[in-house]
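Throughout, numbering of the chain's residues begins at 1 and tracks the sequence.
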Amino acid sequence: MSDDDKRQGTRKGPLERRQDEPAPSVRQKSGRGEVDAFLSKVAAIRPSAAGEGRGRLIFALDATASRQPTWDQAMQIQAEMFEQAGSLGGLDVQLVFYRGFGECKASKWQSEAKGLLRAMTAVTCLAGRTQIGRVLKHALGETRKKKVNALIFVGDAVEEPLDELGHQAGELGLHGLPCFLFHEGRDALARQAFEQIARLSGGACCSFDPSSPQQLRDLLAAVAVYAAGGRKALADFSERRGGVVPQLTHQVR
């Protein structure tokens, strides 16, 4: 066994359960009241005044090897985020991505589609492990400096301890920064993790079909509308657009 394996040996995976731990159903029942109390606290926080000035959105993507097709899709359709937010005061977007061996980077804030496209075309997907925790930590730092209205994350896997991700998501919820997670693929454990991050941050989680670019276009545009105009603007957009957008809208408190 390598030194690295020894260090990792006692560490639980995202949704792994030790032999001596109670069954998930028991833990869920005993902790439900505590979780509900926490979520009530998050829900009581006054939402940011979206619609007054430009919205701010962090657009985060998993750029590991399996993600190249969806990355290419996102490059082609990202302009609609700016277009839909334009009539609501505009949108500033920051690209965040991780890939390879511990690489996690953020672009400058972009105020138009062509700037974001330049940042995205400079990135090639590389094999590596997920670094969602670093994305959430970065988002918290950004919103502490200047209010961020929403975080988008697009990915297909989770390879990090869920307890830590949940704690970070809860901090984002307390700061009024909801996470909108879009899950590609059929990994049930990743889906469960994404749903918990969304719930704890006050955001939403939705699956999309990578063979249908229109789904991803609609979902990204919906979050851009929320970031620029708030819940009312999102509800109006959902009513007009239909399709998969209501799946996201009804989750946002």
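Residues Gln110 and Asp92 fail the side-chain proximity criterion, which asks for heavy atoms closer than 4.5 Å. In this structure, Leu220 and Glu80 have side chains that are not in contact, with every pair of non-hydrogen atoms separated by 4.5 Å or more. Side-chain contact check for Glu184 versus Arg67: some heavy-atom pair is nearer than 4.5 Å. At a threshold of 4.5 Å between non-hydrogen side-chain atoms, the residues Gln192 and Leu162 do not count as touching. Side chains of Val223 and Phe59 form no contact here, defined as non-hydrogen atoms less than 4.5 Å apart. Side-chain contact between Leu172 and Pro178 is absent, with no heavy atoms from C-beta onward closer than 4.5 Å. A heavy-atom distance below 4.5 Å is not found between the side chains of Asp218 and Phe208. In this structure the side chain of Val96 reaches within 4.5 angstrom of the side chain of His138, judged on heavy atoms.
In terms of heavy atoms, His183 sits closest to Ala190 at NE2-CB, 3.9 Å. Between Ala150 and Ala227, the shortest heavy-atom contact is CB-CB, 4.2 Å. Contact detail for Ala221 and Phe237: the closest heavy-atom pair is CB-CZ, 3.8 Å. The heavy-atom pair separating Asp209 from Gln215 by the smallest distance is N-OE1, 2.6 Å. Between Ala60 and Leu151, the shortest heavy-atom distance links the atoms CB-CD1, 4.1 Å. Pairing each heavy atom of Gly100 with each of Gln131, the nearest pair is O-NE2, 4.5 Å.
Within the 3.5 Å criterion, the main-chain N or O of Gly102 finds a donor-acceptor partner in the side chain of Arg134. Proximity of a side-chain donor or acceptor of Gln68 to a complementary backbone N or O of Cys125 within less than 3.5 Å is detected. Gln168 places a side-chain N or O within 3.5 Å of a backbone atom of Gly133 that can act as its donor or acceptor partner. Put simply, the side chain of His167 never gets that close to the backbone of Asp163: no donor and acceptor are under 3.5 Å apart. The main-chain N or O of Gly173 is never found under 3.5 Å from a side-chain atom of Ser201 such that the two would form a donor-acceptor pair. Between the side chain of Thr249 and the main chain of Val245, a donor-acceptor pair closer than 3.5 Å is present. In this structure, the side chain of Gln84 does not engage the main chain of Ala222 through any donor-acceptor pair within 3.5 Å. Put simply, the side chain of Arg56 gets close to the backbone of Lys147: a donor and an acceptor are under 3.5 Å apart.
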TODO: For Val158 and Ile132, run side chain to side chain contact (heavy atoms under 4.5 Å, CB included): C-alpha distance rounded to whole Å, both residues' side-chain angles, the deciding distance at 0.1 Å, then the answer.
DONE: CA-CA 8 Å; Val158 177; Ile132 300 170; 3.8 Å; yes
Open item on the list: Before you tell me yes or no, could you show the steps for Met81 and Leu57 under side chain to side chain contact (heavy atoms under 4.5 Å, CB included), namely the whole-Å CA-CA distance, both residues' side-chain angles and the distance that decides it to 0.1 Å?
Closed with: CA-CA 10 Å; Met81 293 193 300; Leu57 168 69; 4.0 Å; yes
TODO: Tell me, with the steps shown, if Arg129 and Phe101 meet side chain to side chain contact (heavy atoms under 4.5 Å, CB included).
DONE: CA-CA 8 Å; Arg129 294 183 177 179; Phe101 184 67; over 6 Å; no
Task: Test side chain to side chain contact (heavy atoms under 4.5 Å, CB included) applied to Thr124 and Arg99, step by step - done: CA-CA 9 Å; Thr124 301; Arg99 62 178 183 173; 4.2 Å; yes
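In this structure, CZ on Phe180 lies 9.0 Å from CD on Gln251, to the nearest 0.5 angstrom. Atom CD of Glu142 and atom CG of Leu177 lie 10.5 Å apart (nearest 0.5 Å). Going from atom CG of Leu165 over to atom CG of Leu136 covers 6.0 Å, rounded to the nearest 0.5 Å. Taken from OG1 in Thr70 to CG in Asp156, the straight-line distance is 7.5 Å, to the nearest 0.5 Å. The structure places OG1 of Thr121 at 9.5 Å from CG of Leu116, a figure rounded to the nearest 0.5 Å. Here CG of Leu234 is found 12.0 Å from CD of Glu239. Values are rounded to the nearest 0.5 Å.
Using a 4.0 Å cut-off between charged nitrogen and carboxylate oxygen, Asp236 and Lys232 count as a salt-bridge pair.
A donor-acceptor contact under 3.5 angstrom links the side chains of Gln214 and Arg217, judged on distance only. A donor-acceptor pair shorter than 3.5 Å cannot be found between the side chains of Asn149 and Tyr226. Between Asp62 and Thr130, the side chains place no donor N or O within less than 3.5 Å of an acceptor N or O (distance only, hydrogens not considered). Judged purely by distance below 3.5 Å, without hydrogens or angles, the side chains of Ser107 and Gln94 never pair a donor atom with an acceptor atom. No hydrogens or angles considered: a donor-acceptor pair under 3.5 Å links the side chains of Arg191 and Ser207.
Partners of Lys137 by side-chain hydrogen bond (donor to acceptor under 3.5 Å, both in side chains), not counting sequence neighbours: none found. Applying the salt bridge (charged side-chain N to carboxylate O under 4.0 Å, His left out) rule to Lys146 yields no partners; only residues at least two apart in sequence or on another chain are considered.
The aromatic ring centres of Phe194 and Phe182 sit 6.0 Å or more apart.
Cluster membership for Trp71 and Ile77, using ILVMFWY side-chain heavy atoms within less than 4.5 angstrom, is shared. Cluster annotation: Leu126 is not connected to Val154 through the hydrophobic network of ILVMFWY side chains, with a link wherever side-chain heavy atoms come within less than 4.5 Å.
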